[in-house]
Amino acid sequence: MIDDQLFSGKSTAELSRDLLGHELSYQTPAGILAGIIVEAEAYLGAKDSAAHAYKGRRTPANEALYGPPGTIYIYTLRGHHMLDIATQAQDQPEGILIRGLEPTQGQELMLKNRPQKNFNLTNGPGKLTQALGITSKELNLLLLSQSPLTISAQRIKEPAEIAATARINVSSRGDWTDKPLRFCVAHNPYVSQMRKSGMDLTNYGWQV
DNA sequence: CTACGGATGTCCT
DNA sequence: GGACATCCGTAGG
């Protein structure tokens, strides 16, 4: 995939929404692991009080956000690895956090990496990296196009409905706390914190 | 099935 | 020494 094709000319919020339904795949020596993106959050750089680059904060740890579109940003939070993609031009530190995946390939490997039941396999940002076997910052700062990670250029599935909500575990950040910058496939069971009663177990929230 | 609180590893101040 | 873009087990309805 050409990174520019996927990321050009759109706001980070639009890109987050558009990524739903695309397939993320990871080529490993043991095999290919892949899943459809069902949840993503946008973080809007220096002005966004919930973002790592708020007020232009720039450290070795968040350097990847300042890279060109398609730069992989891996960071750890309380011992878990998070997967982000930088979306805008160099030195414009906006990015997308991938928060939920519906597995499509390599589920046996995922279960080996993360022995958990049902949707618990990949329904959260720390969970999906564990299932994929991303246990280091090895991919940090790489471009998607130069890495074993790829995102399909087209949607594999069409969401029946897209929900936009406040971002998860972002609190007390003024106006930015409640902005609807989290996008997910409504009723898909691999969306984090999805209530059982809200799940569509027939079509998983996709158009039929 | 939901809500809550403790565990947890880095990074930055 | 504090602050986290989290996860899981347990307790209670």
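Convention: sequence-line order gives letters A, B, ...; per-chain numbering from 1. Note that the structure is predicted; figures quoted are calculated from it, not measured. The figures that follow rest on heavy atoms only: side chains count, while hydrogens, waters and symmetry mates do not.
No donor-acceptor distance shorter than 3.5 angstrom exists from the side chain of Thr76(A) to the backbone of Gly79(A), with no hydrogens or angles considered. With Thr122(A) contributing its side chain and Gly100(A) its backbone, the two residues share no donor-acceptor pair below 3.5 Å.
Summarising the hydrophobic clusters (Ile, Leu, Val, Met, Phe, Trp, Tyr; side-chain heavy atoms under 4.5 Å, direct or chained), the residues clustered with Leu44(A) are Trp176(A), Leu181(A).
In this structure, Arg182(A) atom CZ and dT6(C) atom C1' are separated by 14 Å, rounded to whole Å. For the pair Asn140(A) CG and dT10(B) C1', the interatomic distance rounds to 13 Å; values are reported in whole Å. One can place CD of Glu94(A) at 17 Å from P of dA5(C), the figure rounded to the nearest angstrom. Whole-Å rounding puts the Ile85(A) CD1 to dA5(C) P distance at 18 Å. Nucleotide dA5(C) holds its C1' atom 12 Å from the CG atom of Leu181(A), rounded to whole Å.
Salt-bridge annotation for Asp48(A) and Arg167(A): present, with a side-chain N of the basic residue lying under 4.0 Å from a carboxylate O of the acidic one. For Arg99(A) and Asp84(A), the salt-bridge test fails: no basic side-chain N is under 4.0 Å from an acidic carboxylate O.
The phosphate of dG2(C) has neither OP1 nor OP2 within less than 4.0 Å of any side-chain N or O from Arg78(A).
A heavy atom lying under 4.0 Å from DNA chain B marks the following residues of residues 40-65 of chain A, by number: Arg57(A), Thr59(A), Pro60(A), Ala61(A).
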Counting primed atoms, P, OP1 and OP2 as sugar-phosphate and everything else as base, the B/S/- map of nucleotides 7-13 of chain C against protein heavy atoms under 4.0 Å is SS-----
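Gln90(A) CD: more than 12 foreign heavy atoms inside a 6.0 Å radius. Counting non-hydrogen atoms of neighbouring residues, nucleotides and ligands closer than 6.0 angstrom, the CD atom of Glu138(A) reaches no more than 12 such neighbours.
Counting only Watson-Crick and G-U wobble pairs whose two distances sit under 3.5 Å, DNA chain C takes part in these stems of three or more pairs: B:1-7 with C:6-12, B:9-12 with C:1-4.
For Thr129(A), the side-chain contact (heavy atoms from CB on, under 4.5 Å) partners are His81(A), Leu83(A), Ile134(A), not counting sequence neighbours.
Side-chain contact between Arg182(A) and Ile168(A): present, with at least one pair of heavy atoms (C-beta onward) separated by less than 4.5 Å.
Within the structure, the side-chain hydrogen bond (donor to acceptor under 3.5 Å, both in side chains) test picks out the following pairs touching residues 193-208 of chain A (sequence neighbours left out): Glu102(A)-Trp206(A).
Using modelled atom types and a 3.5 Å distance limit, the side chains of Glu39(A) and Ser192(A) yield a donor-acceptor pair.
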